[in-house]
Amino acid sequence: MPELPEVETTRRSLEAPLVGRRVTHVVVRDRRLRWPIEPDFERHLTGASIRAVGRRAKYLLVVTDRGTAMIHLGMSGSLVRVPGTTPVVKHDHVDIVLDDDGVLRFHDPRRFGSIHWIDGDPASHPLLASLAPEPSDAAFGGAYLHRITRGRSVAIKHVLMNGQLVTGVGNIYASEALHAAAIDPKTAAKRLSRERCDRLVAAVTATLARAIEAGGSSLRDYVDGAGNAGHFQTESAVYGREGLACPRCGNAIRLLRQGQRATYWCAGCQT
DNA sequence: AGCTCACCCTGCGAGC
DNA sequence: TGCTCGCAGGGTGAGC
């Protein structure tokens, strides 16, 4: 599933084909996503003109003259603009039909994704209102990370993956950023010095930027809005590389379980 | 409030 | 070949 780089790559690839298009028709084949798609979703979106394709954290925002469709890709979702003649396959849950005979197709085998309609300002939607600043935002800096980690005894990796504290970083890039910053993922958040917070923020920002540059990571099935796979997975230093040599110090990369999630790290150079 | 854990769901690869 | 098990990019909410 998509972390911020995959969502941002999807957003960029959809911008040109979608902006200026009008929605002529909406087909929902399965409403059972993380939350059921509201009964009025099709009615709200049909006839709307798309003004912009935005993003907040891992949510895509299809902004129209009538309101905003907020789409989360969950673990296995994709949103692809396909020709209208493209056959529907299993797990193609929603089609947003456009006035150029293209279709914006939402596909999500695991159905951990979600689709909401927002009438007013997206920023005030409950799912977005309490999110942390974007990693690219000036408010997200070493001072911020240092402040929010005081008094928190959880492992720093958990902080990176908590959307209320840091947005856009999921399981792959949490491991990658901690390795880049040479910080042990198990470190209690509150024990990080200000200097290490500076280093970690820089690593998060750089890792996400590099991944966006690579078009995201395609581990199983991720594709962007044009159906293209990313290739960051070939650049990863630790993720998915248990037993292989750490590119920085040569020690064997280890696999550890934090909560229910896998963490890859190097005991040789991450302290 | 912070932390841990279970859970939502399908598919796939490993091991027997 | 066919089974069971464990794991997969995320996020919420219950219960301590």
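Note: hydrogens, waters and symmetry copies are ignored here, and every other heavy atom, side chains too, is used. In the text below, chain A, chain B and the rest are named by the order of the sequence lines, each starting its count at 1.
For the pair A:E242 (side chain) and A:Y264 (backbone), a donor-acceptor distance under 3.5 Å is absent. Side-chain N or O atoms of A:H179 include none that pairs as donor or acceptor with a backbone N or O of A:C266 at under 3.5 Å.
In this structure, A:E15 does not pair ionically with A:R55, as no charged nitrogen and carboxylate oxygen lie closer than 4.0 Å. Looking at A:E38 and A:R31, no side-chain N of the basic residue comes within less than 4.0 Å of a carboxylate O on the acidic one, giving no salt bridge.
A:Y239 comes within contact range of the sugar-phosphate backbone alone, with a heavy-atom separation under 4.0 Å but no base atom that close. Heavy atoms of A:S175 sit nowhere under 4.0 angstrom from any nucleic acid atom. Using a 4.0 Å heavy-atom criterion, one finds that A:K90 contacts the sugar-phosphate atoms exclusively. Heavy atoms of A:H91 sit under 4.0 angstrom from primed sugar atoms or phosphate atoms, though from no base atom. At the heavy-atom level, A:S153 lies under 4.0 Å from the strands shown only through sugar-phosphate atoms.
Between A:R111 atom CZ and B:dT10 atom P there is a gap of 4 Å when expressed in whole angstrom units. Remark: P of B:dG11 and CG of A:D221 are 11 Å apart, rounded to the nearest angstrom. Put simply, CZ on A:R32 is 7 Å from P on B:dT10, counting in whole angstrom units. Atom CE in A:M75 sits roughly 8 Å away from atom P in C:dA8 (whole-Å rounding). Counting to the nearest Å, the P atom of B:dC12 and the CG atom of A:L219 are 15 Å from each other. One interatomic measurement links the two molecules: NZ of A:K157 to C1' of B:dT4, which rounds to 15 Å at whole-angstrom precision. Nucleotide B:dA1 holds its P atom 14 Å from the CG atom of A:N162, rounded to whole Å. With rounding to whole Å, A:D108 atom CG is found 16 Å from B:dC8 atom P.
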Note to self: Run A:R210 and A:E213 through salt bridge (Lys or Arg N to Asp or Glu O under 4.0 Å) and show every step you take.
What the structure shows: CA-CA 5 Å; A:R210 278 214 303 138; A:E213 195 70 24; over 6 Å; no
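Pairing each heavy atom of A:L131 with each of A:L127, the nearest pair is CG-O, 3.6 Å. The minimum heavy-atom distance linking A:T10 with A:Y222 is given by the pair OG1-OH, 3.0 Å. Between A:A262 and A:N171, the shortest heavy-atom contact is O-ND2, 3.0 Å.
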Check: Which dot-bracket notation, 5' to 3', represents the base pairing of DNA chain B when pairs are defined as Watson-Crick or G-U with both distances under 3.5 Å, crossing pairs as [ ], and inter-strand pairs as |?
Finding: .|||||||.|||||||
Note to self: Across nucleotides 11-16 of chain C, 5' to 3', mark each nucleotide with B, S or - according to how protein heavy atoms within less than 4.0 Å reach it.
What the structure shows: BS----
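The nearest heavy atom of DNA chain B to A:R220 and to A:F112 marks one nucleotide each, and the one closer to the 5' end goes with A:F112.
Side-chain N/O atoms of A:R257 include one lying less than 4.0 angstrom from OP1 or OP2 on C:dA8.
With hydrogens and angles left out, the side-chain atoms of A:T207 and A:E176 include no donor and acceptor closer than 3.5 Å.
The listed nucleotides are C:dC7, B:dC9, B:dC3; the one nearest the side chain of A:R110 is B:dC9.
In this structure, A:K157 forms no cation-pi arrangement with A:W265, as its terminal cationic atom is not both closer than 6.0 Å to the ring centre and no more than 45° off the ring axis.
Separating the P atom of C:dC3 from that of B:dC9 is a span of 23 Å, rounded to the nearest Å.
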